[in-house]
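Here the structure is laid out as structure tokens; the discussion comes afterwards.
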Amino acid sequence: MARILEPTAQSIALAAEAIRAGHTVALPTETVYGLGADATNDAAVAAIFAAKERPRFNPLIVHVPDIAAAQRHVEWTPLAQKLATAFWPGPLTLVLKRRPDCKLSLLVSAGLDTAAIRVPRHPLAQSLLREADRPIAAPSANRSGAISPTRPEHVVQSLGDAIDIVLDGGPCLIGVESTVVDASGEVPVLLRPGGITREDIARVAGSVKDAQAGGKLHSPGMLESHYAPSLPMRLNATDVTPLEGLLAFGPTPLTGAGLTINLSSSGNLAEAAATLFAAMRALDRPGLERIAVMPIPDHGLGEAINDRLKRAAAAR
Ligand code: TXA
Ligand code: MG
């Protein structure tokens, strides 16, 4: 059974040693908790897929401590430089061509000639990356298809019997996964909305393209049903019944639900993103028949929130 370890020099050293030895470690990032392993070790990367029970191999995000470390693995572009300078460390993942001398496991790329790289901001992730001295591949630390973990105890609930160590970094401040952008060309292509908004990227890069659904650039993991609670979900609710749990947003929540959790009573999208996954878990309980969700504005972080909600609602 997994142990949740307080962040100390000792526990970080223990986790770093485990990474170097080819084991998996759950680590906090500012977006969600990741299930990490040495990205240069095929067997270690395979162990991530085994623990998550992923039905097939999706490419994984590789975490590194800084831009210089990223440049060792992928072909850097002027666009990558612009975006990394603006948003790293932070919730942005760049998809770039693997360098011919790239040492990353081919399994992290799942057969593609690209790799997805990010520099997390969370101090504990930074410490672990530096102490382990390895790039760390890490998908969200949940079983495939389930809600991403934003607290250490979520990781234990989902993967407790499959992993040994969870580093405790507290609740994740951003709460939705990183934005995934293909930065191999001249214009950024948005593969997955996330913690950095489309508007932020457009401001820095001039414009943003959308990935075509099913197209070559489409992020493979986007095809999976994801983030699903076990109760069915109903979006854009304008009324609610006592048998429903209500995921509310804004100063005037609907009345009459069996249980209500407000993502942000002030209508703040960053606050809503940070509480989204924990709120979905809290409403996913016996005695309720469904989760009703009030409309969330689709600008800024609302795009990532609505993307996750749509996936959760479509899951069955
Ligand atoms: O915030 C996050 O991004 C978290 C934390 C732990 O860093 N990680 C995460 O990983 O969400 P995961 O495996 O759940 O999602 C990775 C996403 C998927 O949508 C996947 O398809 C995409 O990144 N991706 C990875 N490598 C790719 C590649 N070479 N080309 C296109 N998309 C890629
Ligand atoms: Mg995930």
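Just so you know, these numbers use all the heavy atoms, side chains as well, and skip hydrogens, waters and symmetry mates.
A heavy-atom distance below 4.5 Å is found between the side chains of Val189 and Leu191. Leu106 is listed as a side-chain neighbour of Arg98, based on a closest heavy-atom distance under 4.5 Å. In this structure the side chain of Leu309 reaches within 4.5 angstrom of the side chain of Met280, judged on heavy atoms. When side chains are defined from C-beta on, Ile201 counts as touching Leu92, because their heavy atoms get closer than 4.5 Å. Counting heavy atoms from C-beta outward, Ile261 and Leu283 have side chains that approach closer than 4.5 Å.
Around the CZ atom of Arg3, the shell of radius 6.0 Å holds no more than 12 heavy atoms that belong to other residues, nucleotides or ligands. Heavy atoms from other residues, nucleotides or ligands lying under 6.0 Å from CD of Gln81 number more than 12.
Residue pairs meeting the salt bridge (Lys or Arg N to Asp or Glu O under 4.0 Å) criterion with at least one partner in residues 251-269, sequence neighbours excluded, are absent. Listed by first then second residue, pairs satisfying salt bridge (Lys or Arg N to Asp or Glu O under 4.0 Å) with a partner in residues 16-35 read Glu17-Arg20, Glu30-Arg118, not counting sequence neighbours. Screening residues 280-291 for salt bridge (Lys or Arg N to Asp or Glu O under 4.0 Å) gives Glu244-Arg290 as the qualifying pairs, with residues at least two apart or on separate chains. Evaluation of the salt bridge (Lys or Arg N to Asp or Glu O under 4.0 Å) test over residues 57-84, restricted to residues two or more places apart or in two chains, returns Asp66-Arg130.
Counting Ile, Leu, Val, Met, Phe, Trp and Tyr side chains that sit under 4.5 Å apart, directly or through other members, Leu167 shares a hydrophobic cluster with Leu5, Ile12, Leu14, Ile19, Val25, Leu27, Leu124, Leu128, Leu129, Ile136, Ile165. Applying the 4.5 Å side-chain rule to ILVMFWY residues, one finds that Val187 remains a lone member of its cluster.
The residue from Arg308, Arg311, Arg192 that alone fulfils the salt bridge (charged side-chain N to carboxylate O under 4.0 Å, His left out) condition with Glu177 is Arg308. Of the residues listed (Asn262, Asn268, Leu263), the one engaging Ser265 in a side-chain contact (heavy atoms from CB on, under 4.5 Å) is Asn262, and it is the only one. With respect to Lys52, the side-chain contact (heavy atoms from CB on, under 4.5 Å) criterion is satisfied by exactly one of Leu60, Thr24, Leu35: Leu35.
The backbone N or O of Cys172 sits nowhere less than 3.5 Å from a side-chain atom of Tyr33 that would complete a donor-acceptor pair.
For Glu271, there are no salt bridge (charged side-chain N to carboxylate O under 4.0 Å, His left out) partners two or more places apart in sequence or in a different chain. The ring-ring contact (aromatic ring centres under 6.0 Å, His included) test applied to Phe277 returns Tyr227, not counting sequence neighbours. When the salt bridge (charged side-chain N to carboxylate O under 4.0 Å, His left out) test is applied to Asp113, no partner is found at least two apart in sequence or on another chain. Scanning for salt bridge (charged side-chain N to carboxylate O under 4.0 Å, His left out) contacts around Asp298 gives an empty result, with sequence neighbours left out. For Arg203, the side-chain contact (heavy atoms from CB on, under 4.5 Å) test picks out Asp200, with sequence neighbours left out. For Asp210, the salt bridge (charged side-chain N to carboxylate O under 4.0 Å, His left out) partners at least two apart in sequence or on another chain are Arg198.
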Could you go through Leu247 and Leu276, starting from their C-alpha distance and side-chain angles, then the distance that decides it, and tell me whether this counts as side-chain contact (heavy atoms from CB on, under 4.5 Å)? CA-CA 9 Å; Leu247 204 53; Leu276 176 68; 4.2 Å; yes

Please step through side chain to side chain donor-acceptor pair (under 3.5 Å) for the pair Thr93 and Ser178, ending with a clear verdict. CA-CA 6 Å; Thr93 295; Ser178 62; 2.7 Å; yes

Check step by step if side-chain contact (heavy atoms from CB on, under 4.5 Å) holds for Leu96 and Ile117. CA-CA 8 Å; Leu96 293 158; Ile117 301 242; 5.8 Å; no

Given Glu186 and Thr77, is the side-chain contact (heavy atoms from CB on, under 4.5 Å) satisfied, shown in steps? CA-CA 8 Å; Glu186 283 174 11; Thr77 63; over 6 Å; no

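Residue Gln126 comes nearest to Pro65 through the heavy atom pair NE2-O, 3.1 Å, listed as atom of the first residue, atom of the second, then distance. Residue Pro253 comes nearest to Ala248 through the heavy atom pair CB-CB, 3.7 Å, listed as atom of the first residue, atom of the second, then distance. Heavy atoms only, all atoms of each residue included: Ala26 and Val155 are closest at CB-CG1, 3.7 Å. Pairing each heavy atom of Ile174 with each of Gly195, the nearest pair is CG2-CA, 3.9 Å. When all heavy atoms are compared, the tightest approach of Val240 to Gly256 is CG1-C, 4.0 Å. For the residue pair Leu269 and His299, the shortest heavy atom distance occurs at CD1-O, 3.4 Å.
Rounding to the nearest 0.5 angstrom, the gap separating the OG1 atom in Thr29 from the CZ atom in Arg121 is 12.0 Å.
Side-chain contact annotation: Ser184 with Asp182, donor-acceptor N/O pair under 3.5 Å present.
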